[in-house]
Amino acid sequence: MGEYLNAIQRVFQLQKQHLHIVKQTSAAERIEKLQKLRALILKETPAIVEALQADFGKPAFEAVTTEVMSVINEIDLFVENLNKWMEPVEVPSRNRGATAKIISEPKGQCLIFSAWNFPFMLLFNPLIPAIGAGNVCILKPSEMAPATSKISVKIVNELFDESEVAIFEGGVEVANALLDLPFNHILFTGSTQVGKVVMQAAAKHLASVTLELGGKCPVIIDEQVDLEKIVPRIAFGKYANSGQICLAPDHIYIKENKREEFIRYVEDYIQRSYFENGILNQVDVAKIVNERNINRLKELLDDAVMRGANVRCGGIVDGRTFYPTVLTDVPLEAKIMQEEIFGPIMPVLTYTDLNEVIKQINSRPKPLALYIFSDNSKVVDTVLSTTTSGGATVNDVMRHISEPNLPFGGVNESGIGRYTGIFGFKEFSHERGVLYQASAGTNQLEEFARAPYKGKLDILMQRIK
Ligand code: NAD
């Protein structure tokens with residue numbers, strides 16, 4: 001540990017000295033770095049996929065689409081737009097003869113923590129805006145995905161000098177050693193509980209934070225929608241990565257008279273997607289990341305069943321494989337309705353009055369996302385205007401994250417700040433307001449504002465009228 005501490009402190013000081021060079025790099029120089037990163041990621045894609053499979057059996061297809069391609073797309077967005085985003089923005093000035101500009105400058109020394117569920121994407125996607133905005137940066141991958149952590153180290157060390165971008169592997173001790181340092185900005189992805197620890201540490205140095213946290217993302221289904229069309233969207237969101245997605249639909253609200261039809265379509269989806277001749281196709285089902293989380297999910301399931309819930313599908317645990325599961329009749333007091341599920345269990349709740357659903361959602365911490373399925377714009381508007389969440393998708397789940405022109409992030413308990421695209425560039429930039437005044441000549445107003453004030457107050461009061 002002592003060795004780690006020394007290395008962390010040495011690199012932090014090195015980056016501090018080097019910051020002024022990185023800060024002054026042009027858009028072209030930053031784009032070149034991002035393009036090199038892009039090329040190396042593509043070269044290492046087979047190793048990245050292998051690492052994600054070793055860590056928790058992430059299906060290769062999901063590894064490429066949700067981890068590698070997501071980073072590549074974000075790089076492409078920056079390459080296309082960085083010149084424009086870095087341009088100072090001139091705004092109208094109230095000072096006669098002066099010019100007012102907003103200049104984006106880097107926040108400075110940044111720290112990025114990744115969670116384990118998308119351990120590659122959640123480490124590199126925030127690095128893109130950090131580089132784009134001209135910062136120096138230290139990365140801390142998740143120790144719960146050790147193989148992905150290793151390949152991330154290889155990529156970072158091959159491409160960057162440690163005075164610019166450095167990476168430190170490790171768990172809580174390393175995280176705490178990093179959090180002791182006076183970074184200018186910290187981007188943390190992880191649990192709400194640890195997010196609070198990060199924010200407390202940041203407060204010691206008044207560092208700004210981006211906290212990308214979790215929550216219980218509800219789904220509301222209006223009576224009229226075509227269940228055959230919408231169920232695959234919801235079930236995909238619930239069971240991809242075995243439910244280990246911060247944006248995954250957590251639980252479902254549906255009208256009582258539609259519940260059985262909904263469940264039939266979910267069962268049908270699970271069979272078509274994950275079973276062959278009645279046997280679970282293990283290759284397409286991500287493993288639960290570790291024993292602790294398997295036990296946590298088992299406990300949530302057992303507690304719900306003990307309180308009267310019915311297992312309508314799945315409920316089977318085989319090593320670190322948790323079968324896609326559907327629950328009905330889940331009481332609100334059950335633990336599964338109190339914490340983020342973060343696994344392939346879908347509680348299906350019924351409602352008669354939409355206001356009751358809204359009340360329930362508003363009684364819980366603000367979720368990272370909310371999903372409403374309805375063709376009735378009044379219902380959609382009512383739900384959106386009476387609730388809040390980090391983001392929302394109407395008639396689908398999770399899709400708002402794929403929109404480069406929408407900010408992605410949580411609100412209060414589900415997070416603070418946002419990133420992706422220009423929102424990431426802004427998050428890692430300090431918008432410095434600069435007024436350019438002509439150096440020569442004074443105008444009458446300037447003279448008027450200065451002492452002596454004798455006789456001026458009366459004139460001023462008359463003008464204020
Ligand atoms: P976590 O909070 O356990 O860990 C995240 C990071 O914090 C890791 O790098 C870990 O080493 C570090 N850490 C853990 N304990 C710490 C401590 N006591 N002090 C300092 N650092 C500590 O989260 P996780 O289990 O890796 O991720 C799951 C959570 O992340 C879920 O709640 C999920 O919803 C959330 N998440 C959010 C997003 C988002 O974009 N909003 C994305 C993915 C995951």
Side-chain angles (χ1 to χ4, degrees), residues 4 8 55-56 58 66-67 70 74 111-126 129 138-146 148-149 152-153 167-181 183 186-202 204 209-217 237 240-250 286 288-294 296-297 338-343 365-369 389-391 398 400-402 406-420 423-424 427:
Y4 253 122
I8 286 171
D55 283 333
F56 58 108
K58 186 172 285 225
T66 63
E67 304 251 16
S70 172
E74 188 70 2
L111 174 62
I112 294 173
F113 283 99
S114 170
W116 59 262
N117 59 331
F118 290 90
F120 186 79
M121 183 268 276
L122 293 173
L123 191 69
F124 285 91
N125 263 12
I138 293 183
L139 306 174
K140 214 292 277 162
S142 171
E143 72 279 22
M144 280 162 75
T148 311
S149 177
S152 304
V153 169
I167 181 163
F168 287 97
E169 293 185 273
V172 179
E173 282 186 337
V174 171
N176 285 334
L178 288 164
L179 286 173
D180 272 345
L181 296 170
F183 282 94
I186 303 172
L187 184 144
F188 168 85
T189 305
S191 59
T192 302
Q193 190 195 350
V194 180
K196 291 177 186 171
V197 174
V198 171
M199 195 157 171
Q200 263 174 0
K204 277 191 223 141
V209 289
T210 309
L211 302 176
E212 299 288 348
L213 312 176
K216 287 182 85 60
C217 305
N241 211 30
S242 284
Q244 302 168 116
I245 305 181
C246 56
L247 282 172
D250 185 274
I288 301 305
V289 69
N290 55 24
E291 252 343 269
R292 184 164 63 81
N293 272 286
I294 271 281
R296 183 184 63 81
L297 288 169
Q338 311 296 320
E339 63 177 78
E340 181 184 13
I341 300 172
F342 220 58
K366 296 174 186 173
L368 183 60
S389 60
M398 311 196 293
H400 58 286
I401 196 179
S402 66
L406 290 179
F408 174 72
V411 52
N412 297 128
E413 296 93 333
S414 55
I416 291 175
R418 58 218 68 247
Y419 75 121
T420 64
F423 304 98
E427 197 77 357

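Only this structure's heavy atoms are used, side chains among them; waters, hydrogens and symmetry mates stay out. Atoms within each ligand, like the ligands themselves, are counted from 1 in listed order.
Near Phe342, with a cut-off below 4.0 Å to any heavy atom, the atoms of ligand 1 are 28 (C), 31 (C), 33 (C), 34 (O). When each atom of ligand 1 is checked for a heavy atom of Lys140 under 4.0 Å away, the hits are 8 (C), 9 (O), 10 (C), 11 (O). For ligand 1 and Ala175, the ligand atoms under 4.0 Å from any heavy atom of the residue are 20 (C), 21 (N). For ligand 1 and Asn176, the ligand atoms under 4.0 Å from any heavy atom of the residue are 19 (N), 20 (C). Every atom of ligand 1 is numbered from 1 in the order shown, and the set under 4.0 Å from a heavy atom of Leu122 is 42 (C), 43 (C). Residue Phe188 approaches ligand 1 through these ligand atoms, each under 4.0 Å from one of its heavy atoms: 2 (O), 5 (C), 6 (C), 7 (O). Counting atoms of ligand 1 from 1 in the listed order, those under 4.0 Å from a heavy atom of Gly214 are 32 (O), 34 (O). Which parts of ligand 1 touch Asn117 is read off a 4.0 Å heavy-atom cut-off, strictly below it: atoms 43 (C), 44 (C).
Summarising the geometry of Thr66 relative to Met121, their closest heavy-atom pair is O-CG, 3.7 Å, with the distance given to 0.1 Å. Taking every heavy atom of both residues into account, Asn117 and Gln244 meet most closely at ND2-O, 3.1 Å. Smallest separation of non-hydrogen atoms from Leu406 and Phe423: C-CE1, 3.5 Å. Of all heavy-atom pairs between Ser414 and Val411, the closest is OG-N, 2.9 Å. Closest non-hydrogen pair, Ala248 versus Gly243, comes out as CB-O, 4.0 Å. Between Glu169 and Ser149, the shortest heavy-atom contact is OE2-OG, 2.6 Å.
At a 4.0 Å heavy-atom cut-off, ligand 1 touches Glu340 through the side chain alone. Using a 4.0 Å cut-off between heavy atoms, Leu368 contacts ligand 1 through its side chain alone, with no backbone atom that close. At a 4.0 Å heavy-atom cut-off, ligand 1 touches Thr189 through backbone and side chain alike. Using a 4.0 Å cut-off between heavy atoms, Ile245 makes no contact with ligand 1 at all. Counting heavy atoms under 4.0 Å from ligand 1, residue Leu247 does not touch it at all.
Under a 4.0 angstrom heavy-atom cut-off, Ser114 registers as being in contact with ligand 1. Proximity of Glu143 to ligand 1 is established by a heavy-atom distance of less than 4.0 Å. Residue-ligand proximity: Phe408 is placed with a non-hydrogen atom under 4.0 Å from ligand 1.
Between the CD1 atom in Ile186 and the CD1 atom in Ile138 there is a gap of 11.0 Å [rounded to 0.5 Å]. Atoms CG and CG, on Leu247 and Asn241 in that order, are 12.0 Å from each other to the nearest 0.5 Å. Atom CZ in Phe118 sits 12.0 Å away from atom OG1 in Thr148 (nearest 0.5 Å). One finds the CD atom of Glu340 at 7.0 Å from the CG atom of Asp250 (value rounded to the nearest 0.5 Å). Atoms CZ and OG, on Phe124 and Ser114 in that order, are 9.5 Å from each other to the nearest 0.5 Å. In this structure, Ile416 CD1 and Glu212 CD are separated by 10.5 Å, a value rounded to the nearest 0.5 Å.
Between Leu213 and ligand 1, at least one pair of N/O atoms sits closer than 3.5 Å. Considering backbone and side-chain atoms together, Ser142 places no N or O closer than 3.5 Å to any N or O of ligand 1. Between Val197 and ligand 1, not a single N/O pair is under 3.5 Å apart. An N or O contact shorter than 3.5 Å is missing between Thr192 and ligand 1 by distance.
Ranking the protein heavy atoms by distance from atom 23 (O) of ligand 1 puts Ser191 N, 3.3 Å first. Scanning all protein heavy atoms for the shortest distance to atom 36 (N) of ligand 1 gives Cys246 CB, 3.6 Å. Annotation: atom 13 (N) of ligand 1 to nearest protein heavy atom, Val194 CG1, 3.8 Å. Annotation: atom 25 (O) of ligand 1 to nearest protein heavy atom, Trp116 NE1, 2.8 Å. At the shortest separation from atom 18 (N) of ligand 1 among protein heavy atoms lies Val172 CG1, 3.7 Å.
In this structure Glu67 satisfies the salt bridge (charged side-chain N to carboxylate O under 4.0 Å, His left out) test together with Lys58, sequence neighbours excluded.
For the residues Gly190, Ala177, Ala115, the heavy atom positioned nearest atom 29 (C) of ligand 1 is part of Gly190.
The aromatic rings of Trp116 and Phe56 lie perpendicular to each other, with more than 60° between the two planes, well past the 30° mark.
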_For Leu211 and Lys196: C-alpha separation, side-chain torsions, deciding distance, then whether side-chain contact (heavy atoms from CB on, under 4.5 Å) applies._
CA-CA 9 Å; Leu211 302 176; Lys196 291 177 186 171; over 6 Å; no
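Proximity of atom 4 (O) of ligand 1 to the protein is not indicated, since no non-hydrogen protein atom lies closer than 4.0 angstrom.
With Lys216 contributing its side chain and Glu339 its backbone, the two residues share a donor-acceptor pair below 3.5 Å.
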